[in-house]
Amino acid sequence: MKNLIVAVLLVASVSGYAQRGANYDESKVPEYQLPKVLVSQKGKKIKSTKSWIKKRRPELVALFEENMYGKVPGELKIDSYRIVEQSQNAINNKAIRKQVVLTFRNNGKELDVAMLLYLPKSVEKAPVFLGYNFYGNHTVTNDPEVILTESWVRNNPSFGIINNQITEQSRGVSSNRWAVEKLIDAGYGLATMYYGDVDPDKYGKAGPDFSDGVHPLLYKKDQTCPLPDEWGAISAWAWGLSRAMDYFEEDEDIDQSKVIVMGHSRLGKTSLWAGALDQRFAIVISNDSGCGGAAISRRRFGERLGGMNKYFPHWLCGNCSKYDGNEDALPVDQHELIALIAPRPVYIASAENDKWADPKGEFLSGYYATPVYELFGKQGIASGQMPEVNQPVMTTIGYHIRTGKHDVTEFDWEQYIKFANMHLKGALPGE
Ligand code: GCU
């Protein structure tokens, strides 16, 4: 009981302290100058897709690696995988269910990552939405056959998670955030993994913990934590999404050319970074990703990098702390992260009451990434004026701000399905 109270207080105080003093007043957003997405570090104008692909894109990837997310310090592929359970009769008989364990081995260590897949029976090779969950695969649906995770999980007493272990009580607790049946009915599969299998999201007074998850598998001799330019947790989670993609290339029931990577909040930051790096992802979706995700850092609205590096010191790389309170010195800003997804479709979603994630800053990153989409002859966001609440705009860049709080809702999923239909099936939105 005492542990439980301490855990609840710790979580409450982290978010409380982190949010104290945040600016929510648009008139207090300072004047800022964004790095020019179509000008190289040497000051050369980027005028062709060729010089974007050959020069500017790699340059920006390297800057984000070095200053924000940290680079993956080596290569680590799936060593083996096992389908541990499958059924032809899932989701009211409309879907195939597969539960797959991906195993990684290196440095005498082993890491298992469990994936839950639902694939529509109506489609032979299914397009798939891929997204991490926060508390284990069994939380995304009430399906009693989904295997309970034994991994370390962040405490959440209201979800029946205490002493960092889940219980049967936590089955389906996040099902309101996962429109599984809607996806299946629309002809899409869902693949989900627990992000803590790749790297447990441990933080607290003791500081970051890099002793578990994938990091130790790529440590050099005597290394115990990543170097300042090496992968933080977001980079490790993004790496895991690419390994899921490696698996899809092996699974004949999946159309690997139609994988949509989606994430919410810290996992939205992750889906953007994964989509920026790995061009096999056909569409990238950021749901309420905020600071370090879609939101422009230089606006200093809501959460700021300095706060994030303080309260979640393991998410970004060590070098990023150099910019705490000094966003103008960052050689990149988040519109350039969106631009790295070009010319592939990207959708950025905000929520009206999620000021902490800076909805306007999330919108503007799409707007300021647009010149790169235009270079490729694609349409982006034409006007710097935010659309009305609940009025999505969809070109190659999609955006909406919906009513409500920081969350993933049916409304969000409906837009993602429309957007995917528009780009992968050629239908117009609304059809
Ligand atoms: C905190 C954090 C955000 C993050 C969010 C989440 O609010 O400050 O950056 O997006 O947690 O992932 O739930």
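Counting convention: from 1, in listed order, for ligands and their atoms alike. Everything quoted here is computed from the prediction, not taken from an experiment.
A donor-acceptor contact under 3.5 angstrom links the side chains of Asp25 and Ser27, judged on distance only.
Of the N or O atoms in Asp288, none lie within a sub-3.5 Å distance of an N or O in ligand 1. Polar contact check, Trp315 against ligand 1: no nitrogen or oxygen pair lies under 3.5 Å apart. Close N/O approach between Lys269 and ligand 1 is found [any backbone or side-chain N/O within under 3.5 Å].
For Asp246 and Arg243, the salt-bridge test passes: some basic side-chain N is under 4.0 Å from an acidic carboxylate O. Look at Glu362 and Arg299 and you find no salt bridge, because none of the NZ, NE, NH1 or NH2 atoms lies under 4.0 Å from a carboxylate O.
Here Phe312 has side-chain heavy atoms under 4.0 Å from ligand 1, and that is the only part of it that gets that close. Using a 4.0 Å cut-off between heavy atoms, Glu303 contacts ligand 1 through its side chain alone, with no backbone atom that close.
Between Trp413 and Tyr416, the ring-plane angle classifies as perpendicular under the 30° and 60° cut-offs.
A ring-centre distance under 6.0 Å is not found for His335 and Tyr367.
Residue contacts with ligand 1 do not include His264, since none of its heavy atoms lies under 4.0 Å from the ligand.
Near Ser265, meaning under 4.0 Å from any of its heavy atoms, are these atoms of ligand 1: 4 (C), 5 (C), 6 (C), 10 (O), 12 (O), 13 (O).
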